[in-house]
Amino acid sequence: MSTFPSEAVKYEGPESKNPLAFKHYKADEVVAGKTMKDWFRFGCAYWHTMRGNGSDPFGVGTADHPWDDGTDSISNAQNRARVFFDFLEKVGIDYYCFHDRDVAPECATLAESNKALDQVVDTLEELQKSSGKKLLWGTACLFVHPRYQQGAATSPNADVYAYAAAQVKKAMEVTHRLGGEGYTFWGGREGYATLLNTDMKRELDHLARFLHMAVDYKKEIGFEGQFYIEPKPQEPMTHQYDSDSAACLNFLREYDLLDHFKLNIETNHATLAGHTMEHELATAHAANALGSIDANMGTANVGWDTDQFPTDLYLTTQTMLAIMKMGGFTTGGLNFDAKRRRESWEAIDLVHAHIAGMDAFARGLKIADKVRQDGRVDAFIKERYATFDSGIGADIESGKTSLADLEKYALSNQEPMVASGRQEVIESIINDCI
Ligand code: XLS
Ligand code: NI
Ligand code: NI
């Protein structure tokens with residue numbers, strides 16, 4: 001199979017003009033005490049890479065996948081898995097992520113689908129063994145099939161709910177079997193098209209019950225991977241219950257699930273929610289729930305989940321600042337939940353796209369490290385809150401004061417003056433590091 005380069009992509013340095021070489025990503029280069037490879041823990045999304053055909057609401061697929069015979073046969077699915085592992089080898093990515101229905105076909109009955117999945121998982125298991133590649137997380141596709149049109153764990157129909165539960169049970173089992181380091185819940189259809197026909201409270205109760213059952217089953221089978229919830233505000237639904245980090249955290253707290261889940265934050269979902277990626281990361285981090293990242297980006301003036309490869313250096317810098325702040329990933333990683341453009345239809349564009357994303361993150365890491373080494377930004381932030389380090393501020397932080405104490409203090413004090421926020425100075429320091 002000669003679709004991808006015959007040799008693995010190499011680092012050639014910033015001067016290289018070779019589109020099939022890394023200019024910045026050097027897996028074993030140590031930055032801030034860790035190799036690039038360990039900082040990023042890059043993952044590849046099976047659904048975009050192997051199953052994305054470039055179709056959009058106005059046109060059919062454009063992608064040329066010479067290895068794919070276009071059938072739903074098991075042998076085609078197994079062959080695709082082999083091509084995928086060859087691809088991982090060529091681009092030097094150690095982890096992957098999949099939905100049950102990306103890797104194996106959905107058949108006429110649940111029992112047949114389970115059997116098909118087992119057969120493909122046999123192949124994945126062999127490929128993992130021979131290559132050393134690992135599963136970052138697995139998941140169940142609970143949004144494509146017509147049965148899930150009105151939700152899965154929030155469907156108004158109990159039989160659909162049960163079907164979804166069965167699918168998640170099986171997906172957890174195969175994730176466990178493949179040594180998956182995590183399992184993701186993305187509630188694509190868990191939301192509503194209109195509140196006029198929806199009992200929202202009942203649906204949320206059902207969703208929480210569903211997740212509790214998954215937590216119980218995780219213990220039962222001894223799966224130790226991390227559970228993630230992936231926020232997204234809309235698309236396909238008008239409103240998705242897991243709309244952003246804050247909404248997810250609130251839901252998890254309300255239903256006593258916070259100990260069992262972390263968040264998998266996706267860049268383009270953050271922007272769809274009207275937030276920046278840093279906002280979503282900071283919100284998750286503050287709750288000690290930043291688990292993993294689905295790395296991509298959108299086009300601000302387009303407005304939907306375009307899942308582009310993350311090539312914006314400002315974005316990768318800010319993402320790496322957040323990751324460095326939390327000391328790096330434990331179970332999570334940077335999963336490229338990204339697809340090449342419909343116009344980039346040649347198979348080799350899959351390689352180009354991943355190189356572009358990996359190089360952009362390598363630069364983001366180096367810039368973030370420079371910002372941290374430089375120290376001015378951190379020092380400024382520390383100084384900005386200095387009035388809370390002693391005196392009345394320290395009393396407030398330690399919970400020693402009442403409103404009456406503060407009134408007494410304010411009455412005896414002069415009109416307070418807050419120092420300049422210096423946003424432009426900070427922005428310019430970041431630019432200097434770029
Ligand atoms: C879709 C989501 C999806 C999840 C996995 O927008 O990003 O791909 O990551 O179900
Ligand atoms: Ni995603
Ligand atoms: Ni997405």
Side-chain angles (χ1 to χ4, degrees), residues 41-53 55-57 95-104 106 135-145 148 151-154 164 167-168 170-172 174-175 180-191 207 210-211 214 225-245 248 261-275 277 280-281 284 290-299 302-310 315 319 332-341 357:
R41 292 165 54 88
F42 284 130
C44 184
Y46 200 94
W47 53 100
H48 286 308
T49 303
M50 299 316 286
R51 309 310 307 272
N53 64 6
S55 62
D56 72 10
Y95 289 93
Y96 72 108
C97 301
F98 69 83
H99 300 85
D100 49 0
R101 303 300 181 242
D102 310 327
V103 290
E106 168 125 33
L135 180 61
L136 189 64
W137 49 259
T139 187
C141 176
L142 305 179
F143 45 90
V144 168
H145 193 280
Y148 296 127
T154 61
Q167 220 182 301
V168 165
K170 181 71 184 171
M172 280 173 62
V174 301
T175 299
E181 295 182 23
Y183 185 92
T184 291
F185 292 84
W186 172 62
R189 306 263 175 205
E190 313 297 20
L207 177 59
F210 192 95
L211 297 177
Q226 175 66 48
F227 271 177
Y228 304 111
I229 299 258
E230 182 178 324
K232 183 173 182 180
Q234 77 246 356
E235 198 206 298
M237 300 311 279
T238 307
H239 174 85
Q240 277 166 225
Y241 295 134
D242 299 330
S243 49
D244 63 4
S245 289
C248 286
F261 288 84
K262 288 197 187 281
L263 303 185
N264 177 34
I265 311 282
E266 179 164 323
T267 324
N268 208 166
H269 297 180
T271 47
L272 269 184
H275 302 309
M277 181 63 167
E280 287 296 86
L281 294 172
L290 176 50
S292 200
I293 288 180
D294 268 6
N296 60 22
M297 66 180 195
T299 296
V302 170
W304 25 287
D305 194 13
T306 56
D307 287 341
Q308 286 159 247
F309 272 83
L315 170 71
T319 304
L334 281 170
N335 170 48
F336 287 115
D337 193 351
K339 59 186 180 200
R340 64 214 153 116
R341 298 303 82 198

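For the numbers below, each heavy atom of this structure counts, side chains included, while hydrogens, waters and symmetry mates do not. Read the numbers this way: they start at 1 and go in the same order the structure lists the ligands and their atoms. Note that the numbering runs from 1 along the sequence shown for the chain.
- When hydrogens are left out, the protein atom nearest atom 10 (O) of ligand 1 is His99 NE2, 2.7 Å; that is the closest non-hydrogen contact.
- By the 3.5 Å distance cut-off applied to N or O atoms, Trp137 is not counted among the residues near ligand 1.
- Ring centroids of Phe309 and His48 are separated by 6.0 Å or more, keeping the two rings apart.
- Given atom 8 (O) of ligand 1, the protein heavy atom at minimum distance is Asp337 OD2, 3.1 Å.
- By the 4.5 Å heavy-atom criterion applied to side chains, Arg101 and Val144 are not counted as neighbours.
- Distances shorter than 4.0 angstrom occur between a heavy atom of His269 and an atom of ligand 1.
- Annotation: atom 9 (O) of ligand 1 to nearest protein heavy atom, Glu230 OE1, 2.7 Å.
- Residue contacts with ligand 1 for Glu266 involve side-chain atoms from C-beta outward but no N, CA, C or O (heavy atoms, distance under 4.0 Å).
- The Ni ion (ligand 2) lies closest to atom OD2 when only the N/O/S atoms of Asp337 are considered.
- Classified by interplanar angle (parallel below 30°, tilted 30° to 60°, perpendicular above 60°), the ring pair Phe336/Phe42 is parallel.
- A donor atom on one side chain and an acceptor atom on the other are not found under 3.5 Å apart for Arg51 and Tyr46.
- An N or O contact shorter than 3.5 Å is missing between Asn264 and ligand 1 by distance.
- Gln167 and Tyr148 share a donor-acceptor pair across their side chains, judged by distance under 3.5 Å alone.
- The name of the N, O or S atom in Glu230 nearest to the Ni ion (ligand 2) is OE2.
- Those atoms of ligand 1 that come under 4.0 Å of a heavy atom in Asp305, given as number and element, are 6 (O).
- Heavy-atom separations between Asp294 and ligand 1 include at least one value shorter than 4.0 Å.
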* Could you go through the side chain to side chain donor-acceptor pair (under 3.5 Å) check for Asn296 and Asn268 one step at a time? => CA-CA 6 Å; Asn296 60 22; Asn268 208 166; 5.1 Å; no
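- A heavy-atom distance below 4.5 Å is found between the side chains of Ile229 and Leu211.
- Inclusion of Glu266 in the first shell of the Ni ion (ligand 3) is supported: an N, O or S atom falls under 2.8 Å.
- No side-chain heavy atom of Arg41 sits under 4.5 Å from any side-chain heavy atom of Leu334.
- Residue contacts with ligand 1: Lys232 is placed with a nitrogen or oxygen under 3.5 Å of a nitrogen or oxygen of the ligand (distance criterion only).
- When the Ni ion (ligand 2) is compared with the N/O/S atoms of Asp294, atom OD2 turns out nearest.
- Those atoms of ligand 1 that come under 4.0 Å of a heavy atom in Trp47, given as number and element, are 8 (O), 9 (O).
- Atoms OH and OG1, from Tyr183 and Thr139 in turn, are 4.5 Å apart once rounded to the nearest 0.5 Å.
- For Glu190 (side chain) and Ala152 (main-chain N/O), a donor-acceptor pair under 3.5 Å exists by modelled atom type.
- The name of the N, O or S atom in Asp305 nearest to the Ni ion (ligand 3) is OD2.
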